Peer 1: 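One structure, pasted below without further comment.
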2 protein chains.
Amino acid sequence: MSRPTQNDWSGCPTRYAAGIIGDKWCFLLMRDILLHGKRTYGEFASSPEGISTNILANRLATLEAAGMLTREIDPRKGSRVCYFPTRKLRDLLPALLGIMVWSTKYDPQTEAPASFAASHQKDPLATVAWYEAEIDRIDAEIVGT
Amino acid sequence: MSRPTQNDWSGCPTRYAAGIIGDKWCFLLMRDILLHGKRTYGEFASSPEGISTNILANRLATLEAAGMLTREIDPRKGSRVCYFPTRKLRDLLPALLGIMVWSTKYDPQTEAPASFAASHQKDPLATVAWYEAEIDRIDAEIVGT
DNA sequence: CTGTATCCTTAGGGATACTG
DNA sequence: CAGTATCCCTAAGGATACAG
């Protein structure tokens, strides 16, 4: 069976991701959407990292252009804008989960362990259950293909 | 059982990662080390993305300071420097695999599918086998804790 | 070959004011 | 509240020369 060897990475599948994930603000915004359930401009702007409004607008446009989110009117309340994750963004969740597990293990700043870290250490299977529930919740929100 | 809820992300485990992964050059260098088996300054410099030497030196120092790699003399050939992945970096492989799978699915630039993409589509289990072999190969190289 | 150092230009991005 | 626009400064980083 042919499996990838070391010298066959001409079309390296990570270079593409580097353009989107390899940007601090895009990365944090995707986190906010996928993991924190944030959907509105104001919610993004209030993140503890303190993104400035021009950068926020710029990155929202970037992510929309990259097909990671869609900009729509809030179905519940007219004249209010919401950003929804696309399937493409949703599919990044497994990778994000991997990053979270890694950070939980190595981040020295996590003074009081977050509930994720706690439950993950106690029972990794609980993390899987959490992950799948998260997937379901986001799937229910994805509108287009 | 307590599992993470949406409003409990005060100690968000992704913010830490954003500082390391959320940088294009660090991201690509970690890819080179983990997936392309690159170990020397010249090998990094010759990557198709064309990193300039001052940035390369800067990021190698950053990654070393972050405990992601160690700088050592080549055991086989004296007076030649090599950079080895630490366990901390190695543990990022699962996340990187997730990113690769994602890119393989969505990167429109992947004109000729890489062997990874091909084998992954043909048989996902082959990817797992590839991944475990990769882990073993890197583990054999990790020197310190 | 493995880096360092310097120059210099551009882009990133914070602060803030402004608009619908 | 959801942005847009401007100002302005710093840092990122490309090119290149130099050193061990």
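Chain naming here is simple, since letters A, B, ... match the order of the sequence lines and numbering starts at 1 in each. Treat the numbers as computed from the prediction; the structure is a model and nothing was measured.
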Peer 1: Using atom CG of A:Leu60 as one end and atom P of D:dA2 as the other, report the distance to the nearest whole Å.
Peer 2: 11 Å
Peer 1: B:Leu56 has an atom CG; how far is it from atom P of C:dT4, in whole Å?
Peer 2: 10 Å
Peer 1: For DNA chain D, determine which residues of residues 17-31 of chain B have any heavy atom closer than 4.0 angstrom to one of its atoms, and list them numerically.
Peer 2: B:Trp25
Peer 1: With the side chain counted from C-beta on, respond yes when B:Leu29 and B:Leu56 share a heavy-atom pair under 4.5 Å apart, and no when they do not.
Peer 2: yes
Peer 1: Evaluate the side-chain proximity of A:Leu63 to A:Met30: yes if any heavy-atom separation is below 4.5 Å, no if none is.
Peer 2: yes
Peer 1: Does B:Arg59 make a side-chain N or O approach to OP1 or OP2 of D:dG13 shorter than 4.0 Å?
Peer 2: yes
Peer 1: Which whole-number value in Å describes the distance from A:Ile73 CD1 to D:dC1 C1'?
Peer 2: 13 Å
Peer 1: Bend angle of the helix from C:dC1-D:dG20 to C:dG20-D:dC1 from five-pair axes at both ends, rounded to 10°?
Peer 2: 40°
Peer 1: Using a distance-only criterion (donor-acceptor N/O pair, under 3.5 Å, no hydrogens), is the base of C:dT4 paired with the side chain of B:Thr53?
Peer 2: yes
Peer 1: Calculate the interatomic distance between B:Ile55 atom CD1 and C:dT4 atom P; express it in whole Å.
Peer 2: 13 Å
Peer 1: Under 4.0 Å between a side-chain N or O of A:Arg71 and OP1 or OP2 of D:dA2?
Peer 2: no
Peer 1: Fit a plane to each ring of A:Phe44 and A:Tyr83, take the angle between them on a 0 to 90° scale, and name the class: parallel (under 30°), tilted (30 to 60°) or perpendicular (over 60°).
Peer 2: tilted
Peer 1: Starting at CD1 of A:Ile51 and ending at P of D:dT4, how long is that distance when rounded to a whole Å?
Peer 2: 13 Å
Peer 1: Is there side-chain contact between A:Tyr106 and B:Ile20, with at least one heavy-atom pair below 4.5 Å?
Peer 2: no
Peer 1: Assess whether a salt bridge exists between B:Asp91 and A:Lys105, defined as any Lys/Arg side-chain N lying under 4.0 Å from an Asp/Glu carboxylate O.
Peer 2: yes
Peer 1: Across the strands shown, which category fits B:Tyr83 at heavy-atom distances under 4.0 angstrom: base, sugar-phosphate, nothing?
Peer 2: sugar-phosphate
Peer 1: Provide, to the nearest angstrom, the distance between the CD atom belonging to B:Glu49 and the P atom belonging to D:dG13.
Peer 2: 13 Å
Peer 1: Hey, are B:Glu49 and B:Arg31 close enough for a salt bridge, meaning a charged N less than 4.0 Å from a carboxylate O?
Peer 2: yes
Peer 1: Could you tell me whether the phosphate oxygens of D:dG20, OP1 or OP2, come under 4.0 Å of any side-chain nitrogen or oxygen in B:Tyr41?
Peer 2: no
Peer 1: Taking the side chain as C-beta and beyond, is there a heavy-atom pair between B:Thr14 and A:Leu35 under 4.5 Å?
Peer 2: yes
Peer 1: Between B:Arg39 and B:Phe84, is there a donor-acceptor pair closer than 3.5 Å when you use the side chain of the first and the backbone of the second?
Peer 2: no
Peer 1: Round to the nearest Å and state the distance from B:Glu64 atom CD to C:dG3 atom C1'.
Peer 2: 13 Å
Peer 1: Check whether any side-chain heavy atom of A:Met100 lies under 4.5 Å from a side-chain heavy atom of B:Tyr16, and answer yes or no.
Peer 2: no
Peer 1: Please confirm whether any donor atom in the side chain of B:Asn58 sits under 3.5 Å from an acceptor in the base of D:dG13, or the reverse.
Peer 2: no
Peer 1: How close or far is atom P of D:dT4 from atom CG of A:Asn54, stated in whole angstroms?
Peer 2: 11 Å
